[in-house]
S.K.: 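Quick one: the structure is below, questions incoming.
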Amino acid sequence: MDQDERHIVVVAMPAGDDPGTWIEALRPRLPNFDVLSLDAATDTARVAYVVAWKHPRGALARFPNLKAVFSLGAGVDHLLSDPDLPVALPIVRVVDPDLTSRMSEWVMLHVLMHHRQQRLYEWQQFEKIWADDATQPAAKDVRVGIMGLGVMGQDSAHKLAMMGFDVAGWSRTPKTLPGIETFSGDAGLGPFLARTQILVSLLPLTSATRGILDLGLFRQLARDSHVGGPVLINAGRGGLQNEADILTALDEGLLRAATLDVFETEPLPQTSEFWHHPAVMVTPHNAAISSPQTIAAFIADQIEAAEDGEPLEHVVDRNAEY
Ligand code: NDP
Ligand code: OXD
């Protein structure tokens with residue numbers, strides 16, 4: 001093919017971020033394409049695909065012949081929040097077993113951390129205190145509730161159930177999952193929260209879910225947990241949580257503890273109280289991160305398939321926003 005006719009795949013990152021790693025991962029897998037950074041893609045008519053993570057707003061509107069845009073993650077809120085994103089453009093998100101397993105590792109780690117009161121024993125070791133907790137229940141007597149029963153939520157739910165936890169999940173549409181109690185929609189939220197001692201949020205950020213993790217919701221959680229109150233674990237998105245409400249809930253005992261991987265503002269500002277709150281564990285939005293090689297293979301396979309006339313997979317429902 002003539003050099004001037006080759007399609008371009010653009011890697012679009014925030015201004016100042018280096019797209020080099022992604023370009024290097026994609027190039028060998030897409031030998032028939034020019035894989036370029038946003039700045040280098042001056043021949044805009046040749047751009048057929050964009051691979052994006054938090055791209056500059058409006059940057060994709062200048063490509064008249066775009067066929068699809070690929071999110072570099074599972075979440076697509078960073079794309080849908082661009083008002084200039086072409087309306088009919090298919091958006092593909094990452095669905096990959098490696099990413100999913102990593103999320104489940106993180107969820108199990110933090111559920112276990114709270115269930116087994118690991119922070120208490122770390123403190124006891126520091127203070128040279130030898131004391132066990134005679135009231136430690138078995139996993140089967142601990143009720144975990146997962147908000148979001150999608151790719152991530154289902155895998156975490158199954159793995160927690162395999163460890164013996166009493167697991168339930170909540171989703172937008174009804175689901176039947178072996179060994180997991182399921183709830184859905186507005187009507188299902190109250191009963192779901194009422195039986196939940198450890199709440200895990202794996203929801204996408206949409207107009208319907210923004211700010212859902214607030215005082216009103218925390219008040220509905222089960223209060224009979226052996227750790228002294230409900231626990232919140234959020235790896236969905238920071239926009240799901242009202243951070244002032246989390247701090248109030250911790251102070252008032254509506255929440256006993258929280259593990260947060262995502263925040264309203266990232267990186268978490270130095271002034272945030274979460275950094276030093278004794279009942280909060282902070283991780284730096286790394287609950288699940290796949291290697292560029294894995295994600296690049298997923299995207300390149302889809303681009304090649306689309307060029308062969310096959311349908312794209314994991315296309316986002318623009319109305320549902322995820
Ligand atoms: P999916 O799209 O597979 O699943 C989303 C789930 O949320 C579905 O079960 C869906 O319900 C449910 N849901 C959506 N809207 C609502 C609503 N209004 N009420 C109730 N349930 C709702 O997404 P994934 O599981 O792949 O990923 C989930 C999120 O995890 C991502 O969007 C991203 O924000 C976050 N993430 C975070 C990472 C991190 O490192 N912190 C890494 C990867 C992802 P239904 O089943 O009915 O459609
Ligand atoms: C994702 C993320 O959405 O890393 O994949 O947050």
Side-chain angles (χ1 to χ4, degrees), residues 13-14 22 51-54 70-81 91-107 109-110 145-159 167-177 180 182-193 196 199-213 217 232-241 259-264 266-268 281-292 294-296 298-299 313-322:
M13 313 276 289
W22 293 101
V51 174
W53 185 253
K54 300 182 183 172
F70 291 84
S71 169
L72 275 176
V76 291
D77 47 298
H78 65 101
L79 282 163
L80 294 175
S81 58
I91 299 174
V92 178
R93 68 191 200 89
V94 173
V95 174
D96 173 75
D98 178 61
L99 191 72
T100 307
S101 293
R102 290 172 191 242
M103 178 61 85
S104 297
E105 279 176 16
W106 184 92
V107 169
L109 171 69
H110 289 279
I146 302 192
M147 297 179 89
L149 282 177
V151 175
M152 304 279 169
Q154 287 195 28
D155 194 64
S156 290
H158 288 311
K159 288 175 177 165
V167 183
W170 180 69
S171 52
R172 190 170 61 91
T173 56
K175 304 239 164 327
T176 306
L177 302 174
I180 314 286
T182 55
F183 300 84
S184 62
D186 290 346
L189 184 57
F192 163 78
L193 295 172
T196 294
L199 181 67
V200 178
S201 158
L202 291 174
L203 287 168
L205 181 61
T206 69
S207 330
T209 62
R210 183 176 293 280
I212 193 169
L213 302 172
L217 181 142
L232 169 67
I233 298 175
N234 183 19
R237 278 291 180 267
L240 299 168
Q241 69 202 14
T259 297
L260 306 173
D261 183 60
V262 285
F263 299 90
E264 287 171 1
E266 295 179 6
L268 183 62
M281 180 161 283
V282 168
T283 56
H285 196 147
N286 69 345
I289 299 181
S290 267
S291 72
T294 305
I295 308 270
F298 167 86
I299 292 172
E313 292 175 344
H314 310 301
V315 175
V316 168
D317 175 345
R318 293 287 283 263
N319 290 324
E321 301 175 38
Y322 65 95

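By convention here, the first residue in the shown sequence is residue 1. Each ligand, and each atom within it, is numbered from 1 in the order the structure gives.
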S.K.: Considering only the protein, which heavy-atom contact is closest to atom 2 (C) of ligand 2, and what is its distance?
M.R.: H285 NE2, 3.6 Å
S.K.: Take every heavy atom of T206, measure it against each atom of ligand 1, and state whether any distance is under 4.0 Å.
M.R.: no
S.K.: Give the residue, atom name and distance (to 0.1 Å) of the protein heavy atom nearest atom 28 (C) of ligand 1.
M.R.: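 Sorting protein heavy atoms by distance from atom 28 (C) of ligand 1 puts L202 O, 3.4 Å first.
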S.K.: Looking only at N/O atoms, are T173 and ligand 1 under 3.5 Å apart anywhere?
M.R.: yes
S.K.: Roughly how far, to the nearest 0.5 Å, is CG of L240 from CG of L260?
M.R.: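 Going from the CG atom of L260 to the CG atom of L240 covers 11.0 Å.
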S.K.: Could you identify the single nearest non-hydrogen protein atom to atom 44 (C) of ligand 1 and state the distance to 0.1 Å?
M.R.: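 Of the protein heavy atoms, A74 CB, 3.7 Å lies nearest.
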S.K.: Do ligand 2 and G73 have nitrogen or oxygen atoms that lie under 3.5 Å from each other?
M.R.: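 No; the residue has no nitrogen or oxygen that sits under 3.5 Å from a nitrogen or oxygen of the ligand.
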S.K.: Using a 4.5 Å cut-off on heavy atoms from C-beta on, say whether the side chain of I233 contacts that of W106.
M.R.: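 SC-SC contact between W106 and I233 confirmed.
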S.K.: How far is atom 33 (C) of ligand 1 from its nearest protein heavy atom, and which residue and atom name does that atom have?
M.R.: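 Going by distance alone, atom 33 (C) of ligand 1 is nearest to R237 NH1, 3.6 Å.
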S.K.: For atom 23 (O) of ligand 1, which candidate among M152, R93, Q154 provides the closest heavy atom?
M.R.: R93
S.K.: Taking a cutoff of less than 4.0 Å between a non-hydrogen atom of the residue and any ligand atom, is G73 in contact with ligand 1?
M.R.: no
S.K.: Which residue supplies the protein heavy atom nearest to atom 10 (C) of ligand 1, what is that atom called, and how far is it?
M.R.: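 The closest one turns out to be Y322 OH, 3.5 Å.
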S.K.: Would you give the length of the straight line joining atom NZ of K54 to atom CG of L72, rounded to the nearest 0.5 angstrom?
M.R.: 11.0 Å
S.K.: Would you mind finding which of R210, M103, M147, E321 brings a heavy atom closest to atom 38 (C) of ligand 1?
M.R.: M103
S.K.: Within the 4.0 Å heavy-atom shell around H285, which atoms of ligand 1 are there?
M.R.: 39 (C), 40 (O), 41 (N)
S.K.: Which one of G185, S184, G150, P204 has a non-hydrogen atom at the shortest distance from atom 7 (O) of ligand 1?
M.R.: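 Looking at heavy atoms only, P204 sits closest to atom 7 (O) of ligand 1.
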S.K.: Would you give the length of the straight line joining atom CG of L99 to atom CE of M152, rounded to the nearest 0.5 angstrom?
M.R.: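 Reported value, rounded in 0.5 Å steps: 4.0 Å.
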S.K.: Measure from the side-chain N and O atoms of T182 to the backbone N and O of K175, and report whether any donor-acceptor pair falls under 3.5 Å.
M.R.: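 Flag set: sc T182 to bb K175 pair under 3.5 Å.
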S.K.: To the nearest 0.1 Å, how far is atom 13 (N) of ligand 1 from its closest protein heavy atom, and which atom is that?
M.R.: L203 CD2, 3.7 Å
S.K.: For atom 11 (O) of ligand 1, what's the nearest protein heavy atom and its distance?
M.R.: R172 N, 3.2 Å
S.K.: Measuring from the heavy atoms of L205, does anything fall under 4.0 Å of ligand 1?
M.R.: no
S.K.: Tell me which protein heavy atom sits closest to atom 19 (N) of ligand 1, plus the residue, atom name and distance to 0.1 Å.
M.R.: W170 CH2, 3.3 Å
S.K.: Would you say the side-chain atoms of Q154 pair up with the backbone N or O of L149, donor to acceptor, closer than 3.5 Å?
M.R.: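 Checked: pair present.
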S.K.: Suppose I only count heavy atoms of A235 and a 4.0 Å limit; which atoms of ligand 1 are within that range?
M.R.: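 Once the distances to A235 are compared, the set is 35 (C), 36 (N), 37 (C), 38 (C), 39 (C), 41 (N).
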S.K.: Would you compute the distance between atom NE2 of H314 and atom CZ of R93 and round it to the nearest 0.5 angstrom?
M.R.: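 Output value for this atom pair is 7.5 Å.
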S.K.: Which ligand 2 atoms does R237 reach within 4.0 Å, using its non-hydrogen atoms?
M.R.: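 Heavy-atom distances to R237 below 4.0 Å select 1 (C), 2 (C), 3 (O), 6 (O).
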S.K.: Considering heavy atoms of the protein only, find what lies nearest to atom 35 (C) of ligand 1 and give residue, atom and distance to 0.1 Å.
M.R.: G236 O, 3.4 Å
S.K.: With distance as the sole test, does Q241 use its side chain to make a donor-acceptor pair with the main-chain N or O of V262 at under 3.5 Å?
M.R.: yes
S.K.: Decide yes or no for W170 and L193: does some side-chain heavy atom of the first lie under 4.5 Å from some side-chain heavy atom of the second?
M.R.: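 No, their side chains stay 4.5 Å or more apart.
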S.K.: Measure across A235 and L202 and return the closest heavy-atom pair with its distance rounded to 0.1 Å.
M.R.: CB-CD2, 4.0 Å
S.K.: Do K159 and S101 come close enough that some side-chain heavy atom pair is under 4.5 Å?
M.R.: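 They are in contact (side-chain heavy atoms under 4.5 Å apart), so the answer is yes.
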S.K.: So how far is it from T283 OG1 to D261 CG, rounded to the nearest 0.5 Å?
M.R.: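 Interatomic distance, T283 OG1 to D261 CG, rounded to 0.5 Å: 3.5 Å.
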S.K.: Answer yes or no: does an N/O atom from A208 fall short of 3.5 Å to an N/O atom of ligand 1?
M.R.: no
S.K.: Using 0.5 Å steps for rounding, measure from the OG1 atom of T259 to the CG atom of L109.
M.R.: 8.0 Å
S.K.: So, is A288 polar-close to ligand 1, with some N/O to N/O distance under 3.5 Å?
M.R.: yes
S.K.: Among protein heavy atoms, which lies nearest atom 1 (C) of ligand 2, and at what distance?
M.R.: A74 N, 3.3 Å
S.K.: Any atom of ligand 1 sitting under 4.0 Å from a heavy atom of K175?
M.R.: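 Heavy atoms of K175 do come under 4.0 Å of ligand 1.
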S.K.: Identify which one of L217, T209, L213 satisfies the side chain to side chain contact (heavy atoms under 4.5 Å, CB included) criterion when paired with S201.
M.R.: L213
S.K.: For residues L268 and H285, determine if any side-chain heavy atom of one lies less than 4.5 Å from a side-chain heavy atom of the other.
M.R.: no
S.K.: Run the numbers for me: atoms of ligand 1, each under 4.0 Å from some heavy atom of T209, listed by number.
M.R.: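 Those of ligand 1 that fall under 4.0 Å from T209 are 15 (N), 16 (C), 17 (C), 18 (N).
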